[in-house]
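First the structure, in the form of structure tokens, and then the observations on it.
Heavy-atom basis, side chains included; hydrogens, waters and symmetry copies ignored. Everything quoted here is computed from the prediction, not taken from an experiment. Note that the numbering runs from 1 along the sequence shown for the chain.
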Amino acid sequence: MRISVSSDMDEPVARALVVELRGRGHDVITHGALREGADPQWAVCSEAAARDVAEGRADQAVVCCWTGTGASIAANKVPGVRAALCTDAYTADGARRWNDANVLALGLRLTSEPLLKEILDAWFTAEASDDAEDRGNVEHVSRLDGR
């Protein structure tokens, strides 16, 4: 899978994220502080990663900032993106399952490397629900951004 990753800070957990994704066999595209010469502002690099998903250059993305909130807000402004700020594995599972989230947002402040691995395990294991109510909600959200 091709995954776009952004971070506004070159923090150890952001670097560990890239290493972990590559270790899981994913092709990683980096943005922000993770790529030399790129704009590290959270709004800019989160948008870049989200656009990779929306425009088909990546299957999914992971966007990071200190709290994860700004990164998720910026990513969600890109039509076709459903970014979810996840602080634990249960939330990551639900975001994929019920919301068909295609962008994972993480906070650099509170995400340890062991927690990161648990969140990624849940994110990549879960599949979007086929339940009519869940699909209806995802379709409604898609219509909100004009799709």
Side-chain angles (χ1 to χ4, degrees), residues 1-35 38-129 134-135 137-147:
M1 186 180 301
R2 185 162 222 184
I3 302 177
S4 188
V5 177
S6 70
S7 180
D8 66 339
M9 301 168 73
D10 187 3
E11 289 288 313
V13 73
R15 289 285 169 191
L17 169 63
V18 172
V19 169
E20 182 68 23
L21 291 172
R22 288 184 174 141
R24 292 172 184 236
H26 300 294
D27 183 19
V28 177
I29 305 165
T30 57
H31 295 281
L34 300 173
R35 191 176 86 215
D39 191 335
Q41 298 300 308
W42 60 262
V44 174
C45 65
S46 297
E47 176 195 5
R51 287 207 182 278
D52 283 346
V53 173
E55 296 172 6
R57 289 183 296 276
D59 302 299
Q60 295 182 4
V62 183
V63 296
C64 306
C65 69
W66 192 241
T67 65
T69 306
S72 66
I73 290 169
N76 274 316
K77 294 295 183 181
V78 176
V81 167
R82 291 175 305 283
L85 175 56
C86 298
T87 57
D88 57 48
Y90 183 81
T91 305
D93 176 79
R96 289 286 302 130
R97 188 174 315 278
W98 302 311
N99 311 127
D100 195 11
N102 53 10
V103 174
L104 170 63
L106 296 172
L108 298 169
R109 178 178 176 266
L110 296 178
T111 306
S112 65
E113 287 189 41
L115 179 58
L116 171 66
K117 291 177 183 180
E118 291 174 11
I119 291 170
L120 293 176
D121 287 345
W123 182 267
F124 290 118
T125 301
E127 294 183 13
S129 170
D134 295 334
R135 296 309 316 155
N137 278 307
V138 171
E139 289 167 12
H140 180 84
V141 169
S142 292
R143 288 192 301 275
L144 291 175
D145 63 21
R147 297 183 86 215

Flag side-chain contact, heavy atom, 4.5 Å: Asp10 against Arg15: yes
In terms of heavy-atom contacts, Trp123 and Ala92 come closest through CE3-O, 3.8 Å
I'd like to check the side-chain contact (heavy atoms from CB on, under 4.5 Å) partners of Ala14; sequence neighbours left out, ordered by chain and number. Ser7, Leu34, Leu108
Has Glu127 got more than 12 heavy atoms of other residues, nucleotides or ligands less than 6.0 Å from its CD? no
Measure from the side-chain N and O atoms of Asn102 to the backbone N and O of Gly80, and report whether any donor-acceptor pair falls under 3.5 Å. yes
Side chains of Trp66 and Glu11: do they bring a donor and an acceptor to under 3.5 Å? no
Are the charged groups of Asp100 and Arg96 less than 4.0 angstrom apart, N to O? yes
Decide yes or no for Thr30 and Val18: does some side-chain heavy atom of the first lie under 4.5 Å from some side-chain heavy atom of the second? yes
Check this for me: does any side-chain nitrogen of one of Arg2 and Asp59 sit under 4.0 Å from a carboxylate oxygen of the other? no
Exercise: identify the closest heavy-atom pair between Ile119 and Cys86: CD1-O, 3.8 Å
Which pair of non-hydrogen atoms, one from Val63 and one from Ala49, has the smallest distance, and what is that distance? CG1-CB, 3.8 Å
Between atom OG1 of Thr67 and atom CG of Leu106, what is the distance when rounded to the nearest 0.5 Å? 11.0 Å
Do the side chains of Arg24 and Leu120 get nearer than 4.5 Å, heavy atoms only? yes
Heavy-atom nearest pair, Val13 first then Thr111, reads CG2-O, 3.2 Å
Within the side chain of Asn76, is there an N or O that forms a donor-acceptor pair under 3.5 Å with the backbone of Ser72? yes
With a cut-off of 6.0 Å (strictly less than), are more than 12 heavy atoms of other residues, nucleotides or ligands near CZ of Arg109? no
Sorted by chain and number, sequence neighbours left out, side-chain contact (heavy atoms from CB on, under 4.5 Å) with Ile3 holds for Met1, Val5, Leu21, His26, Val62, Phe124
Excluding sequence neighbours, so at least two apart, what forms side-chain contact (heavy atoms from CB on, under 4.5 Å) with Ala50? Ala75, Val78, Val81
Closest approach of Met9 to Ala33 (non-hydrogen atoms, all atoms of both residues): C-CB, 3.5 Å
Working for side chain to side chain donor-acceptor pair (under 3.5 Å), residues His31 and Asp39: CA-CA 8 Å; His31 295 281; Asp39 191 335; over 6 Å; no
State the CD1-CZ distance between Ile29 and Arg57, to the nearest 0.5 angstrom. 7.5 Å
Go through the steps to decide whether Val103 and Val53 satisfy the test side-chain contact (heavy atoms from CB on, under 4.5 Å), and finish with yes or no. CA-CA 8 Å; Val103 174; Val53 173; 4.2 Å; yes
How many angstroms lie between CG in Asn137 and CH2 in Trp98, if you round to the nearest 0.5 Å? 12.5 Å
When rounded to the nearest 0.5 Å, the distance separating OH of Tyr90 from CD of Glu118 is 15.5 Å
Go through the steps for Ser142 and Arg82 under the test side-chain contact (heavy atoms from CB on, under 4.5 Å), then give the verdict. CA-CA 9 Å; Ser142 292; Arg82 291 175 305 283; 4.2 Å; yes
Residue pair Cys64 / Leu17, side-chain heavy-atom distance below 4.5 Å: yes
Below 4.0 angstrom, N of the basic side chain to O of the carboxylate: do Lys117 and Glu113 qualify? no
Nearest heavy atoms of Leu85 and Gly107, plus distance in Å: CD1-N, 4.2 Å
Straight-line distance of Ser4 OG to Gln60 CD, nearest 0.5 Å: 11.5 Å
Glu47 and Arg51: CA distance, side-chain angles, deciding distance, salt bridge (charged side-chain N to carboxylate O under 4.0 Å, His left out) verdict: CA-CA 6 Å; Glu47 176 195 5; Arg51 287 207 182 278; 2.8 Å; yes
